[in-house]
**Student:** 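Please find one structure pasted underneath; my questions will follow.
Numbering of residues begins at 1 and proceeds along the displayed sequence. Computed from a predicted model, the values in this text were never measured in an experiment.
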Amino acid sequence: MYLSEFSSNQKDQIRREIAHVLGTLSPFQRDKKPSFTTSADFAYSEATDRLDPKQIEKTCHLLHDASIDSVDMLKKLDDITARFFNHWFVPWGEWILSEEVLADRAYNLILRLPSQPLRVVCKQKDGFDHVQTRDASAFYRTQLTQTECYINRNVVRMALRVCIILERPRQHARVAEPYWAMAQVTEDIAMLFDSTRQFCGNDSSLSDQDWIGWCVVKSFLWTSLQRMFMLWTWSVTSLTIKAGYTSEIITKHRTQQDRIRPTILSELARQEEEILQMRPDPICPWAFQLLKNDGFSLCIDLRRPLERYALLLGSNAPRCGIGSQSQQVCDGTSFESCGRFVGAKVIRQSAHECISKDCKKLTWDEGSYCAFETPVVSIRDTSITQIKYTNLSDKTLSISHVWSHGQGGRPETGFNTCLHDRYVKVAKTLGCDSYWMDTPCIPTETALRKKAIANINHIFMGSKATLICDWDLMGIDISLLRKAPNTGPAVRLVEGVLIALLVCDWNVRGWTFLEAIRGKKALYLLFKDSEVFPLGDLLKCLVDSGNLELANLYLSAGHLLPLPEELVQAHKARHYGNIMMFLDSVEEAGTVLSRRPASRPSDNLVIWSLLFSDAGQNLNPQPSDLDRHNPNATRGAKDSAHKSAEEMWRSQYSISTSYLVSSAPRIQGVRRMSWAPCSPVPDKVESRQGSRRYYPYVNIGDEAERAWIRHGGLVAEWFSCFFVGQGSRDAQDEESTVVSRPELAHDDPKDAEDDESWYHPLDPLDLLGRSFNTAKEDQRMRGVHQLNLLTRMGLKLENTRFFWTSDDDMMIELQDISSTCLSGFQWGVLLRPTTTPERQNLQMKPLPLVYEGNPAAPLVAVCGSNNGRDWVWRGVQLWDSSVALPSFKLRKLLIV
């Protein structure tokens, strides 16, 4: 469809480049014994080896000069970029059998990349496509094609480094460190690419030859960036799938991308229309957006994954339509536009395994159900008319499905006999003697339903295996995987299955996400003819033999990645608990659910509070509650859901500022909680761009500035810009819109000291729910109050006049925000979340985060105040990308 195999010329060139790189290693690089006590093997010096702005500009011009020389152009471009990174190649060590083995592994790895990467976008030069420039246009396209087919030396070095690192002994304490050098080199290529784009786009007087030269340089660097980024990301994916998922390496990998992502995202944004056209018709556009917009995996090239999907399921009807025969698809802008979420008619128990489609239904034995603390369907005791139950055990199969696919229902209304027979067969295949599924195990009666939902975490964690059921997957014949495994056709089938899993109905729901994450120690997929296959085996086949782009997409699917074997063994030894969880923060859970709404809005909060670490109250967890031979083993509602958003937030002590900036609805009517979301799913808000949802900034773990939840409100540092609100405009200079800091309300130092709303945000004594007056008696806190008193008085002196802007467009933008959000407030402030990345133990200055929903402009939070001290959350606004940003300064604020 899009890509052919590497040509024989390309393969020969790859072999030559590998031999050249290995043949030019210095004795130091070849013979040095690897050390795990220093960082010498892991990264190069930040101070001496990174490209500075002057080097970048000079290098760009050197590349341009080489690009307009038709003699050995590609070799000259390669020589220039390669010489900057001669020093970062890592020694291989004794775990590499031989240089020949290493060369073969790197060669085979490169062949799994696309033979031609995505083409760079060059803004058409005026008149370039006219008849008189036809020869130049043909020459331009030929030059780009040659550049894209060329495998340069830095790509070869990256492939060799990946092969070495994946073979070296794993150091658990330093698992992410070998990847820093990969990040730094890829980042330097990205900076060269950024600068080249500026040179190419800023000068309209360029000759055709110069313009083509800059486009060729852009193509060379963009091609390098794509391939190096894919290889680096694949190394993380391979390690994660083979060694087991750990949040540390995934989060660090995402952090290492922080300066590369804006470059890649901005270039992909130029290709948005082409990328959308790649989508096969059966894929829901909303699911496609979910695939593209995840924060942990930046998939540059979707062509081959989508090609695999089209070959496997391209003849299916679109999923978005209301009704199985509908050809209608949604517009991908919102889940409301998709018939799977809104307007779909769900017929309970419409799915059948039997040919006649009219088998009898099994109904529950209510007495049997109520006799057990955690009831699951008993295979042995269930009769031909009634479902009998037993207690959850380590021989229970948990079943995760989507109600709209026809298997939903309640135990009192009946469960199709043929479906029961299917799951009995699967359970026995997997060595289980019972199964749990919501249809026969969650009754309608309120008290029993609440208890069953409270047990969901416990059920999926305690089961032997979890079975994933989805229409699309259940129609796929996988007999080839058993007849001819590890063959080319089998690998292509695996690729098709795994891309289908990422975009299927099952993977875009909140409840199924929770079930997968709790049961991820042993996930199985259900296929045609009730065949089951372990998901972990499919993923290992993908990283060993499949295309790299699809493998990298699975970094965005942590709920599907296998756990480390030591955690699985700990679970089997009954030492389970939060180690089985993937999401360890309320904001990470909220970000995932922001695009996975539940069918019932009230369920969103329930799923949210069950997803993150230490969710709920843990009323009575028993380490022996799975021991069916222990008659004294009792249990309460494990990880029961929070009853309200207020209760959930009172159980937290901090939150990432990056997560707060979204259009999620906020708690109403509760003092000091105007900032707190009451649902993970953002509301639609009206703007000049129309009605739209604003999703949170991508969560980048501990690198984002945290906000501290205190008795007095929320305290954090933000990049902030103060401006005039709507409350008392007549008292202010009408032309003074942007200000440095509003006047503070307290003139008397004693009044300021008595006020309890402004204090040191990191003091551990001031926890939410504890009286601040008690903490105030501590002598240390008295010193904190004095410090803040001096700070506030200094801010008052600082603001003896207003600062204003003469930029009319900026003033109009601020006035629009003021009229929209700040009715009744004298002052407004725009807030941007910040990050302070740590690279090689060197502290960097705080940086504003890039909003990936619109990289060209930030999404800003808007708060209002009438005293300049206590700020009330008023919503979010997307800044107009055509208007210059006002000045933002790092400040600490209290939001109440």
**Student:** Can you name the one residue among R227, E148, M230 that meets side-chain contact (heavy atoms from CB on, under 4.5 Å) with P114?
**Tutor:**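 Exactly one option meets the side-chain contact (heavy atoms from CB on, under 4.5 Å) with P114, and it is M230.
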**Student:** Taking side chain as C-beta onward, heavy atoms only, is I275 less than 4.5 Å from F288?
**Tutor:**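 Yes. Closest side-chain heavy atoms under 4.5 Å.
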**Student:** Within the 4.5 Å heavy-atom criterion, are E17 and I151 side-chain neighbours or not?
**Tutor:**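 Sidechains of I151 and E17: no contact.
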**Student:** Decide, yes or no, whether a salt bridge links E267 with K218 under the criterion of side-chain N to carboxylate O below 4.0 Å.
**Tutor:**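 K218 and E267: not salt-bridged.
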**Student:** So which atom in V156 and which in V21 form the shortest heavy-atom distance, rounded to 0.1 Å?
**Tutor:**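 Result for this residue pair: CG1-CG2, 3.9 Å.
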**Student:** Between the side chains of R197 and D194, is the shortest nitrogen-to-carboxylate-oxygen separation below 4.0 Å, so that they form an ion pair?
**Tutor:**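 Salt bridge present between D194 and R197.
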**Student:** Can a salt bridge be assigned to the pair K76 and D65 using a cut-off of 4.0 Å between side-chain N and carboxylate O?
**Tutor:**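 No salt bridge links K76 with D65.
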**Student:** Please examine the side chains of T145 and Q116, heavy atoms only from C-beta on, and report whether any two atoms are closer than 4.5 Å.
**Tutor:**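 They are in contact (side-chain heavy atoms under 4.5 Å apart), so the answer is yes.
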**Student:** Start with the C-alpha distance between D79 and K75, add both sets of side-chain angles, then the distance that settles salt bridge (charged side-chain N to carboxylate O under 4.0 Å, His left out), and finish with yes or no.
**Tutor:** CA-CA 6 Å; D79 288 342; K75 184 178 184 304; 3.1 Å; yes
**Student:** With a 3.5 Å cut-off and no angle check, do the side chains of S7 and N9 form a donor-acceptor pair?
**Tutor:**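 No.
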**Student:** Do T81 and F220 come close enough that some side-chain heavy atom pair is under 4.5 Å?
**Tutor:**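 Yes, their side chains come closer than 4.5 Å.
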**Student:** Looking only at side-chain N and O atoms, does N152 offer a donor or acceptor that is under 3.5 Å from a partner on S224?
**Tutor:**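 Checked: S224/N152 side chains pair up, N/O donor to acceptor below 3.5 Å.
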**Student:** So do L550 and R304 actually touch side chain to side chain, heavy atoms under 4.5 Å?
**Tutor:**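 The answer is no; the side chains never approach within 4.5 Å.
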**Student:** If you define the side chain from C-beta out and look only at heavy atoms, does anything of R832 sit under 4.5 Å from L885?
**Tutor:**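 They are in side-chain contact.
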**Student:** So do the side chains of L302 and L553 get within less than 4.5 Å of each other, counting heavy atoms only?
**Tutor:**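 The answer is yes; the side chains approach within 4.5 Å.
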**Student:** Parallel under 30°, tilted from 30 to 60°, perpendicular over 60°: which one fits the rings of F199 and H61?
**Tutor:**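 Taking H61 first and then F199, their aromatic rings sit tilted (interplane angle of 30° to 60°).
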**Student:** Once side chain to side chain contact (heavy atoms under 4.5 Å, CB included) is applied, do any residues pair with C215, and if so which ones, sequence neighbours excluded?
**Tutor:**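 Partners of C215 under the side chain to side chain contact (heavy atoms under 4.5 Å, CB included) test: C122, Y140, C200, W211.
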**Student:** Could you check whether any side-chain heavy atom of W214 comes within less than 4.5 Å of a side-chain heavy atom of S67, counting everything from C-beta outward?
**Tutor:**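 A side-chain contact is absent here, since even the closest heavy-atom pair is not under 4.5 Å.
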